K.L.:
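The structure's right below; bear with me while I get my questions together.
Keep in mind that what you see is a predicted model, and the values were worked out from it rather than measured.
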Amino acid sequence: MNATRFQRAAIALVGAAVLPLALTACSSDDSKDTKSSASSAAETPETPADDAAGSGDQPFGTACASVPKSGAGSFDGMSKDPVATAASNNPDLSTLVTAVKKAGLVDTLNNAKDITVFAPTNEAFAKIPKADLDKVLADKATLTKILTYHVVGEKLPPKALESGTFPTLEKSTLTTAGSGESYTVNDSSKVVCGNVPTANATVYIVDTVLMPKM
């Protein structure tokens, strides 16, 4: 009888001693798991927003504010049409469109692939004395030479304009310079709304008509 009681007491003492150790071990493991999870969460980088990643593809420039917000003349509408058709839907490019029609270049521009067009605004054409402009509009060969000088045979992203020299459809070259959202063409014509997409071209709207060597 005494032996049995002694064995029970011994078992109870062993259990009392082992239980705290087991609890301590479990607590230590849980703490490690918590620290590991916290460390993993801290090391996981945040994914940048999609909008921020694609912001460099948007049109830019002070004159972009005057582009219609909806309809065929909006940025979305222009992106669906070939360049000559897209320009015809933009009220600020009506003089250019008239000139393109007089030169018979509508199909040439609409059927071209992956081009860049430097498109003078109505105000750009207004800088030319009316008598001189009327004379040019009446001379198809001269008009064609001037208009094709505004076309480069590849799509140019804004980065390419920082310091570039590009052959034109007219067969001579034009130069670009600038950075960020400020660019000039031939050191005189400023880009006022750039990186405008159309179905077959990238358009940079400029404030001065570019003149090739005659």
Side-chain angles (χ1 to χ4, degrees), residues 59-69 71-75 77-78 81-112 115-153 156 161 164-178 181-214:
F60 63 86
T62 55
C64 290
S66 65
V67 174
K69 302 300 181 185
S74 66
F75 290 131
M78 291 179 71
D81 290 322
V83 64
T85 302
S88 70
N89 293 320
N90 187 317
D92 287 336
L93 301 177
S94 59
T95 305
L96 172 63
V97 172
T98 297
V100 167
K101 289 179 178 178
K102 284 183 175 292
L105 292 173
V106 172
D107 289 341
T108 298
L109 295 177
N110 277 348
N111 293 328
I115 59 175
T116 294
V117 176
F118 293 93
T121 61
N122 294 342
E123 289 76 11
F125 281 101
K127 293 179 181 180
I128 302 173
K130 188 177 184 306
D132 293 340
L133 180 58
D134 289 344
K135 185 177 180 180
V136 169
L137 291 174
D139 184 342
K140 186 175 181 179
T142 300
L143 183 59
T144 298
K145 184 176 179 69
I146 293 172
L147 293 176
T148 53
Y149 183 64
H150 289 73
V151 183
V152 172
L156 301 176
L161 303 188
T165 300
F166 307 101
T168 69
L169 206 60
E170 181 267 337
K171 304 300 183 186
S172 59
T173 60
L174 56 77
T175 60
T176 61
E181 296 186 357
S182 178
Y183 297 95
T184 58
V185 186
N186 289 353
D187 296 323
S188 60
S189 188
K190 295 180 180 179
V191 174
V192 293
C193 183
N195 205 32
V196 179
T198 71
N200 68 324
T202 298
V203 176
Y204 292 90
I205 300 175
V206 295
D207 69 353
T208 304
V209 177
L210 306 174
M211 300 299 291
K213 293 180 180 180
M214 297 295 187

K.L.:
Could you work out, with side chain to side chain contact (heavy atoms under 4.5 Å, CB included) as the rule, every residue matching Asp92, not counting sequence neighbours?
P.N.:
Ser66, Asn90
K.L.:
Is the side chain of Asn186 donor-acceptor paired with the backbone N or O of Leu174 at a distance under 3.5 Å, no angle test?
P.N.:
no
K.L.:
With sequence neighbours left out, write down each residue that passes side-chain hydrogen bond (donor to acceptor under 3.5 Å, both in side chains) with Thr95, or none if nothing qualifies.
P.N.:
Asn122
K.L.:
Mind checking the OG-OH spacing from Ser172 to Tyr149? Nearest 0.5 Å is all I need.
P.N.:
5.0 Å
K.L.:
Hey, is the main chain of Ser94 close enough, under 3.5 Å, to the side chain of Thr98 for a donor-acceptor pair?
P.N.:
yes
K.L.:
Is there a side-chain contact between Leu96 and Phe125 (heavy atoms, below 4.5 Å)?
P.N.:
yes
K.L.:
Within the side chain of Thr184, is there an N or O that forms a donor-acceptor pair under 3.5 Å with the backbone of Ser189?
P.N.:
no
K.L.:
Under the side-chain hydrogen bond (donor to acceptor under 3.5 Å, both in side chains) test, which residues partner Thr62, sequence neighbours left out?
P.N.:
none
K.L.:
In a table with atom names and distances, give each donor-acceptor pair under 3.5 Å that connects a side chain of residues 126-137 to protein atoms at least two apart or in another chain.
P.N.:
unit_1, atom_1, unit_2, atom_2, d
Lys127, NZ, Asp207, O, 2.9
Lys127, NZ, Thr208, OG1, 3.0
Lys130, NZ, Asp134, OD2, 2.8

K.L.:
Quick one: CG on Leu109 to CG on Leu147, what's the gap to the nearest 0.5 Å?
P.N.:
8.0 Å
K.L.:
At their closest point, which heavy atom of Leu161 faces which heavy atom of Thr176, and how far apart are they?
P.N.:
O-OG1, 3.1 Å
K.L.:
Taking side chain to side chain contact (heavy atoms under 4.5 Å, CB included) as the definition, give me every residue that meets it alongside Pro59, ordered by chain and number, with sequence neighbours left out.
P.N.:
Cys64, Phe75, Val196, Pro197
K.L.:
Can you check whether Leu210's main-chain N or O pairs, donor with acceptor, with His150's side chain at less than 3.5 Å?
P.N.:
yes
K.L.:
If you take all heavy atoms of Val83 and Asn200, which pair is closest and at what distance?
P.N.:
N-OD1, 2.9 Å
K.L.:
Do any pairs count as a ring pair (Phe, Tyr, Trp, His ring centres under 6.0 Å) and have a residue in residues 192-213, sequence neighbours left out, and if so which ones?
P.N.:
Phe118-Tyr204
K.L.:
What residues, two or more places apart in sequence or in another chain, satisfy side chain to side chain contact (heavy atoms under 4.5 Å, CB included) together with Thr85?
P.N.:
Asp81, Pro82, Ser88, Asn89, Asn110
K.L.:
With sequence neighbours left out, what residues match Ser74 under side-chain hydrogen bond (donor to acceptor under 3.5 Å, both in side chains)?
P.N.:
none
K.L.:
Does the side chain of Thr148 reach to within under 4.5 Å of the side chain of Leu105, using non-hydrogen atoms?
P.N.:
yes
K.L.:
So Ile205 and Thr121, side-chain contact (heavy atoms from CB on, under 4.5 Å) or not? Walk me through it.
P.N.:
CA-CA 7 Å; Ile205 300 175; Thr121 61; 3.3 Å; yes
K.L.:
Identify each donor-acceptor pair in which a side-chain atom of residues 139-146 lies under 3.5 Å from a protein atom, sequence neighbours left out, and give them as a table.
P.N.:
unit_1, atom_1, unit_2, atom_2, d
Asp139, OD1, Ala141, N, 3.3
Asp139, OD1, Thr142, N, 3.3
Asp139, OD2, Thr142, OG1, 2.8
Thr144, OG1, Lys140, O, 2.8
Lys145, NZ, Glu170, OE2, 2.6

K.L.:
For residues 94-111, which residue pairs pass the salt bridge (Lys or Arg N to Asp or Glu O under 4.0 Å) check, not counting sequence neighbours?
P.N.:
none
